[in-house]
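Taking it in order: structure first as C-alpha cells, then the write-up.
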Amino acid sequence: QVQLVESGGGLVQAGGSLRLSCAASGRTIRDYYMGWFRQAPGKEREFVAVISWGSRTTSYLESVKGRFTISRDNAKNTVYLQMNSLKPEDTAVYYCAAKVGGLGYKVQEYNYWGQGTQVTVSS
C-alpha cells in the first residue's frame, strides 16, 4: 500500500504561483504513474496532469498546458506540480493520485489518493 500526502496549497492572487508537493510512503513511487486531479465545488473531479514512472512522458489538461509543470523525484518519493500564471478558475482542491498498469486520465483508473490540498486564486 502507498500513502499520499499533498501540501503546498494556499491563497494566491491571480497571476501568482504555487508549488504543490505529494509525499508518498509505504511503497516507492517508481512503481506508479503519478497524477494530479482537481475538484471545485459542484463539479466533477478532473484530470490535471500525469507523469510516467521514468519521467519521459507527461500529459496535461489543455487549459493548464504551458502554465503547470508536473515532475517527480523518485529518490525522494515525491511528486510536484508547479503552477504558474494562476487564474481564478484554477481554484479547487488538488489531489495527488497513483496508478498501476500504465497511463491514465480518469479518476476511476487510479488506485491510490491523497486527502487533497486547497488552492484558492483570488481575482
Side-chain angles (χ1 to χ4, degrees):
Q1 301 295 311
V2 62
Q3 294 78 47
L4 306 173
V5 179
E6 303 94 336
S7 63
L11 176 65
V12 65
Q13 294 186 62
S17 298
L18 287 172
R19 190 181 76 158
L20 306 183
S21 298
C22 173
S25 61
R27 299 182 70 176
T28 175
I29 62 170
R30 185 180 62 86
D31 297 329
Y32 304 95
Y33 278 64
M34 301 297 298
W36 287 95
F37 291 75
R38 67 187 183 186
Q39 187 168 23
K43 296 184 178 180
E44 296 290 318
R45 191 171 299 184
E46 68 176 349
F47 165 81
V48 175
V50 63
I51 188 167
S52 65
W53 23 264
S55 300
R56 283 192 181 185
T57 300
T58 58
S59 186
Y60 298 91
L61 177 69
E62 183 64 28
S63 63
V64 308
K65 186 175 177 61
R67 299 189 296 120
F68 291 10
T69 303
I70 187 171
S71 62
R72 66 193 296 165
D73 187 335
N74 291 340
K76 295 181 178 179
N77 228 26
T78 301
V79 181
Y80 305 96
L81 185 68
Q82 178 68 46
M83 304 185 294
N84 299 325
S85 301
L86 283 161
K87 304 175 180 179
E89 52 262 45
D90 295 318
T91 295
V93 176
Y94 283 71
Y95 297 90
C96 177
K99 181 185 182 298
V100 298
L103 191 66
Y105 305 97
K106 297 180 179 180
V107 169
Q108 64 191 41
E109 295 176 326
Y110 281 74
N111 305 100
Y112 304 100
W113 294 86
Q115 293 297 112
T117 185
Q118 177 71 48
V119 172
T120 302
V121 185
S122 65
S123 59

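Computed from a prediction, not measured in an experiment: that's the story for all the values here.
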Check: [Y] main-chain N/O paired with [X] side-chain donor or acceptor under 3.5 Å:
X: Glu6; Y: Gly116; value: yes
X: Tyr110; Y: Gly104; value: yes
X: Asn74; Y: Trp53; value: yes
X: Asn77; Y: Ala23; value: no
X: Thr120; Y: Thr91; value: no
X: Arg72; Y: Ser52; value: yes

### Query
Just wondering, more than 12 heavy atoms not from Gln3 lying within 6.0 Å of its CD?
yes

Identify whether [X] and [Y] are in the same connected component of the hydrophobic contact network (ILVMFWY, side-chain heavy atoms under 4.5 Å).
X: Tyr33; Y: Trp36; value: no
X: Phe37; Y: Leu61; value: no
X: Met34; Y: Leu103; value: no
X: Trp113; Y: Leu4; value: no
X: Val119; Y: Tyr80; value: no

Minimum heavy-atom separation for [X] and [Y], please, with both atom names.
X: Ala40; Y: Ala92; value: N-CB, 3.9 Å
X: Glu109; Y: Lys99; value: O-CG, 3.3 Å
X: Ala24; Y: Val2; value: CB-CG2, 4.0 Å
X: Asp90; Y: Arg38; value: OD1-NH1, 3.0 Å
X: Ser71; Y: Val79; value: O-CG1, 3.3 Å

#### Entry: Interatomic spacing from CG in Leu81 to OG1 in Thr69 - rounded to 0.5 Å
8.0 Å

#### Entry: Working for side chain to side chain contact (heavy atoms under 4.5 Å, CB included), residues Leu86 and Phe68
CA-CA 9 Å; Leu86 283 161; Phe68 291 10; 3.8 Å; yes

### Query
Which is it for Val107 and Phe47 under the side chain to side chain contact (heavy atoms under 4.5 Å, CB included) test, yes or no, and what are the steps along the way?
CA-CA 7 Å; Val107 169; Phe47 165 81; over 6 Å; no

### Message
Applying disulfide bond (SG atoms under 2.5 Å apart) as the test, list every pair that has at least one member in residues 11-120; sequence neighbours left out.
### Response
Cys22-Cys96

### Message
Any heavy-atom pair between the side chains of Arg67 and Tyr60 that's under 4.5 Å?
### Response
no

### Task
Decide yes or no on side chain to side chain contact (heavy atoms under 4.5 Å, CB included) for Met83 and Leu20, but give the supporting numbers first.
CA-CA 8 Å; Met83 304 185 294; Leu20 306 183; 3.7 Å; yes

